[in-house]
Every structure is written in structure tokens, then in C-alpha cells.
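Since the structure comes first, as C-alpha cells, the remarks are kept for the end.
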Amino acid sequence: MTAERTNAERIPRRYLQAFLLLSLHRDGPSYGYELCETVRSHGLSVDLAGVYRGLRAMNTHDLVDASWIPSESGHGWRVYSDTVAEVHI
């Protein structure tokens, strides 16, 4: 087992939604794949489906907004943004 994989396993997955929300608040609107890469860049081992499940759950609870951005190539993007005006930590 590599050191990178060991570090990734140390971060509890239950924090995924909080991490996604903080990333959206800090970095602004983003789409699912980009958020997945952001999570991975911080050492959390997560699959893309898990990121989208978390985003849909947060959208259901009005923690994030989801909007569809069409593209000229025919493939659109669902872009997520936070709905929290201010985060107090």
C-alpha cells in the first residue's frame, strides 16, 4: 500500500458534503467533475458518483443551487453553487 493511499483512507468520508460545500463557498460555482478533482487533490479518496450523490443531497436540502449551462457542442454542464451567504467557523 502506498503512502498516498494510506493518507487518503485517513480522512472520513462522512465529511464529503461539508468539504464540497466549503469548496463551493471558497472557490465559487463549479461542476461535479471539477469538485471531485478538488476533493482528490486534498487526499480524500472518493469516486465521482459519490460526489454527485452528495451534491444532489445538498441540492435537495437547499444547501447548493444547481443550474444547467448549455454548450455549443451540445453537451451541457450542471453547475453547482452554494446558497450560504456566510460561513462561520
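Only heavy atoms go into these numbers, but all of them, side chains included; no hydrogens, no water, no symmetry mates.
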Over all heavy atoms of both residues, which pair between G32 and L55 is shortest? Give the atoms and the distance, please. CA-CD1, 4.0 Å

With Y31, which residues qualify under ring-ring contact (aromatic ring centres under 6.0 Å, His included), at least two apart? W77

Does L35 reach the side chain of S23, with side-chain heavy atoms less than 4.5 Å apart? yes

Which heavy atom of V46 sits nearest a heavy atom of C36, and at what distance? O-SG, 4.2 Å

Just grab all the side chain to side chain donor-acceptor pair (under 3.5 Å) pairs involving residues 52-72, residues at least two apart or on different chains. S71-S73

Closest contact, heavy atoms only, Q17 versus M58: O-SD, 3.4 Å

Could you tell me whether the side chain of V79 reaches within less than 4.5 Å of the side chain of S30, counting heavy atoms only? no

What pair of heavy atoms forms the shortest contact from V64 to Y80, and how long is it? CG2-CD2, 4.2 Å

To the nearest 0.5 Å, what is the distance between CG (D27) and CD (E34)? 8.0 Å

Which atom of L63 lies closest to which atom of L21, heavy atoms considered: O-CD1, 3.6 Å

Distance, nearest 0.5 Å, that separates OH of Y15 from CG of L20: 15.0 Å

Rounded to the nearest 0.5 Å, what separation is found between the CZ atom of R40 and the CG atom of L48? 6.5 Å

